[in-house]
Amino acid sequence: MSDLVTHFIGGLPVAEGETFAGYDPVTGREVRRVHEADRSVVDRAVSAARAALPGWSGLQAAERAAWMRRLADAIEERFEDLVAAEIADTGKSITQTRTLDIPRGAANFRSFAEIAAQHPENAFHLKDVLSYTVRRPLGVVAVIVPWNLPFLLATWKIGPALVAGNTVVVKPSEHTPGSMAVLAEIAASIGLPPGVLNVVNGFGPGSAGQFLVEHPGVDAVTFTGESRTGSAIMKSVADRVKPVSFELGGKNAGLVFADADLDAAVEGAVRSVFTNGGQVCLCTERLYVERPVFGEFVARLAGRARELAFGRPQDEHTTMMPMISAEHRDKVLSYYALAEDEGAEIHAGGGAPRFGDDRDGGYYVEPTVLTGLPSGSRVNREEIFGPVCHVAPFDAEAEAVALANESEYGLAATVWTSSLSRAHRVAQSLEAGLIWVNTWYLRDLRTPFGGVKLSGIGREGGTRSLDFYSEPTTITIKL
Ligand SMILES: NC(=O)c1ccc[n+]([C@@H]2O[C@H](COP(=O)([O-])OP(=O)(O)OC[C@H]3O[C@@H](n4cnc5c(N)ncnc54)[C@H](O)[C@@H]3O)[C@@H](O)[C@H]2O)c1
Ligand SMILES: O=C/C=C/C=C(\O)C(=O)O
């Protein structure tokens, strides 16, 4: 990946604006410079998207779907370049990047090509009245995404936005511009009409992110990131009442009942707590385990945490990655220290590893398993977004559900039980948008995705994405 990242506007790279540093999370070394978009660059991107809108929205949905399939094919042709870009930005393992992050990018475009093709319109016919619905795109959509799954999350939004007839201006995280730079090259290489996809780089407040959401030429905002950022964006767009789709933070609970397959529950918890270094909004940070199996579960989970491999990203056996930045590493470590100060028992981790090589300059923390804190503690209330969980015992199902629901967030939850009736009963009692039973992060892209409470506004996924990215018009004709 280039060591100078530009914007992409109207089908062309734009190397304008001050540059800021990009760092390798493995070593902490500066490895790239990134152009920061000022208001004028953002304005040009929005104008390019506006200029492309009539031609793009004027295509048949099937023609736009064909473009999505071309993008997916081209992603697969540039697969290793995308893998390299994502690893360079995040330090994540090549195994995860090759099996999740980049394949989901192609899948996102393909899925929404098919969903758009099958999306039925409504028509209602009474005796002498015919009512039918047509859908119109929103217009120019701002796509603002975070650093944890950069390519997956950006394409999750770009796909449905484009197939619905919108044009987009994407603002990737300041930490992870690389894979969007490659997607821009891909779009140009297949001749995607200029201005349909635009990418501007920069930060949030007082930078490209804020300039974009506030721009009068932006018709809607789709955002994934922290809840407090969602709140700030909501304030930015309130005066112009722009539609928003928010996928925000979480403090996800996992419930393990004594009748669960404990092997599966332990391995499931290893995945749901430590995948991507715990830097997934769906990760489990609070586990509640029925008392008869609590001791065994904690001991086994802590043992597996200590087995996670701190290899380099290119090592296929690596299973533990660095945090995205020194600031985020320090935030996670501050919660480890807080847990210790509040009297937690630390069963694994609790600090930062030392390697005796250049990785000591990186942003690594130890995978950590805690017990002994009250449900109201900050460690159990606040999103940490790292490889850490707190485990507490419970004695009754109703108590477990109450503990899980004792949160300002409501994104995801996992339930581990062998009882079918309990699985349905508990899943329907949990205040979250996404519940997994005896598994975690198993995705059908046709299903609604999103959270309740501080975890978000709206749902994307399947036809729900098309419902957000287009406006239905109902036409009624007297026959
Ligand atoms: N619900 C989900 O699907 C989901 C998925 C991934 C991450 N997240 C959440 O994202 C957070 C971690 O990501 P992050 O640190 O990048 O989040 P963040 O909110 O700090 O930043 C996300 C994006 O928003 C931009 N931004 C920040 N302030 C802005 C503003 N005022 N106006 C416009 N843009 C602004 C940033 O530059 C970045 O591109 C965690 O809270 C995690 O839970 C949620
Ligand atoms: O970190 C959050 C992960 C979000 C995942 C998705 O939006 C998805 O799998 O479509």
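We count ligands from 1, going down the list as the structure has it; atoms in each ligand are counted the same way.
In this structure, a donor-acceptor pair under 3.5 Å is present between the side chains of Tyr288 and Arg286.
Among all protein heavy atoms, the one lying closest to atom 12 (C) of ligand 1 is Phe385 CE2, 3.8 Å. Protein heavy atom nearest atom 13 (O) of ligand 1, with residue, atom name and distance: Pro146 CB, 3.2 Å. Summary of contacts: the protein heavy atom closest to atom 1 (N) of ligand 1 is Leu248 O, 2.6 Å. Ranking the protein heavy atoms by distance from atom 34 (N) of ligand 1 puts Gly209 CA, 3.6 Å first. Protein heavy atom at the shortest distance from atom 19 (O) of ligand 1 is Thr229 OG1, 2.7 Å. The nearest protein atom to atom 25 (C) of ligand 1, hydrogens excluded, is given as Ile144 CG2, 3.7 Å; this is a heavy-atom distance. Atom 23 (C) of ligand 1 has as its closest protein heavy atom Val145 O, 3.4 Å. Of the protein's heavy atoms, Gly204 CA, 3.5 Å lies nearest to atom 35 (C) of ligand 1.
Shown in contact with Phe449 at under 4.0 Å from a heavy atom are these atoms of ligand 1, numbered in order with element: 3 (O). Numbered from 1 in the order shown, with element, the atoms of ligand 1 that lie under 4.0 Å from a heavy atom of Gln210 read 32 (N), 33 (C). Atom numbering of ligand 1 starts at 1 in the shown order; those under 4.0 Å from a heavy atom of Leu153 are 5 (C), 6 (C). Ligand 1 places these atoms under 4.0 Å from at least one heavy atom of Lys171: 36 (C), 37 (O), 38 (C), 39 (O). Heavy-atom proximity to Glu247, at under 4.0 Å, picks out these atoms of ligand 1: 1 (N), 2 (C), 3 (O), 4 (C), 44 (C). Proximity to Leu411 (heavy-atom distance under 4.0 Å) selects the following atoms of ligand 1: 1 (N). Less than 4.0 angstrom separates some heavy atom of Phe203 from each of these atoms of ligand 1: 37 (O). Close approach of ligand 1 to Asn148 is summarised as follows: ligand atoms under 4.0 Å from at least one heavy atom of the residue are 6 (C), 7 (C).
Within the 4.5 Å cutoff, the side chain of Phe274 has no heavy atoms near those of the Thr368 side chain. When side chains are defined from C-beta on, His35 does not count as touching Val5, because their heavy atoms never get closer than 4.5 Å.
A search for ring pair (Phe, Tyr, Trp, His ring centres under 6.0 Å) contacts involving Phe79 returns nothing, not counting sequence neighbours. Applying the side chain to side chain donor-acceptor pair (under 3.5 Å) rule to Ser325 yields no partners; only residues at least two apart in sequence or on another chain are considered.
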Checklist entry - Val31 and Asp3: side-chain contact (heavy atoms from CB on, under 4.5 Å), yes or no, with the steps? => result CA-CA 6 Å; Val31 289; Asp3 55 9; over 6 Å; no
Next on the checklist: Walk me through whether Glu460 and Thr222 qualify under side-chain contact (heavy atoms from CB on, under 4.5 Å).
Outcome noted: CA-CA 10 Å; Glu460 297 197 31; Thr222 182; 2.7 Å; yes
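Backbone and side-chain nitrogen or oxygen atoms of Ser227 are examined, and none is located within less than 3.5 angstrom of a nitrogen or oxygen of ligand 1. Between Glu383 and ligand 1, at least one pair of N/O atoms sits closer than 3.5 Å. Between Ser455 and ligand 1, not a single N/O pair is under 3.5 Å apart.
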Indicate every side-chain donor-acceptor pair of residues 42-50 with a distance under 3.5 Å to a residue at least two apart or in another chain.
{"from": "Asp43", "atom 1": "OD1", "to": "His215", "atom 2": "NE2", "distance (Å)": "2.6"}
{"from": "Arg44", "atom 1": "NH1", "to": "Glu16", "atom 2": "OE1", "distance (Å)": "2.7"}
{"from": "Arg44", "atom 1": "NH1", "to": "Glu16", "atom 2": "OE2", "distance (Å)": "3.1"}
{"from": "Arg44", "atom 1": "NH2", "to": "Glu16", "atom 2": "OE2", "distance (Å)": "3.1"}
{"from": "Ser47", "atom 1": "OG", "to": "Asp43", "atom 2": "O", "distance (Å)": "2.9"}
{"from": "Arg50", "atom 1": "NH2", "to": "Gly217", "atom 2": "O", "distance (Å)": "2.7"}
{"from": "Arg50", "atom 1": "NH2", "to": "Asp219", "atom 2": "OD1", "distance (Å)": "3.4"}
{"from": "Arg50", "atom 1": "NH2", "to": "Asp219", "atom 2": "OD2", "distance (Å)": "2.7"}

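Remark: atom 28 (N) of ligand 1 lies closer than 4.0 Å to at least one protein heavy atom.
Using modelled atom types, no side-chain atom of Arg39 and backbone atom of Phe211 make a donor-acceptor pair closer than 3.5 Å.
The aromatic rings of Phe20 and Phe203 are tilted relative to each other, their planes meeting at an angle between 30° and 60°. In this structure, Trp147 and His175 have perpendicular ring planes: the angle between them is above 60°, well past the 30° mark.
The number of heavy-atom neighbours closer than 6.0 Å to CD of Glu30, taken from other residues, nucleotides and ligands shown, is above 12. Residue Arg446 places its CZ atom among 12 or fewer non-hydrogen atoms of other residues, nucleotides or ligands, all under 6.0 Å distant. Counted within 6.0 Å of CD on Glu76, heavy atoms from surrounding residues, nucleotides or ligands total more than 12; the atom is thus considered enclosed.
Nearest-heavy-atom check against atom 3 (O) of ligand 1 across Gly206, Pro172, Cys281, Cys283 picks out Cys281.
Using a 4.0 Å cut-off between heavy atoms, Glu174 contacts ligand 1 through its side chain alone, with no backbone atom that close. Residue contacts with ligand 1, taken as heavy atom pairs separated by less than 4.0 Å, involve Ile233 solely via side-chain atoms from C-beta onward.
Contact annotation: Phe246 has no heavy atom less than 4.0 Å from any atom of ligand 1. Taking a 4.0 Å cut-off on heavy atoms, Gly451 fails to register as neighbouring ligand 1.
For Glu383 and Arg228, the salt-bridge test fails: no basic side-chain N is under 4.0 Å from an acidic carboxylate O. We find that Glu408 and Lys251 are not joined by a salt bridge, their nearest charged nitrogen and carboxylate oxygen being 4.0 Å or further apart.
Judged by a 6.0 Å distance limit and a 45° cone about the ring axis, Arg64 is not positioned over the six-membered ring of Trp67.
Protein residues having at least one heavy atom under 4.0 Å from any atom of ligand 2 are Arg104, Asn148, Leu149, Leu152, Leu153, Trp156, Glu247, Val280, Cys281, Tyr441, Arg443, Phe449, listed by chain and number.
Trp156 and Phe112 have their aromatic ring centers within a separation under 6.0 angstrom.
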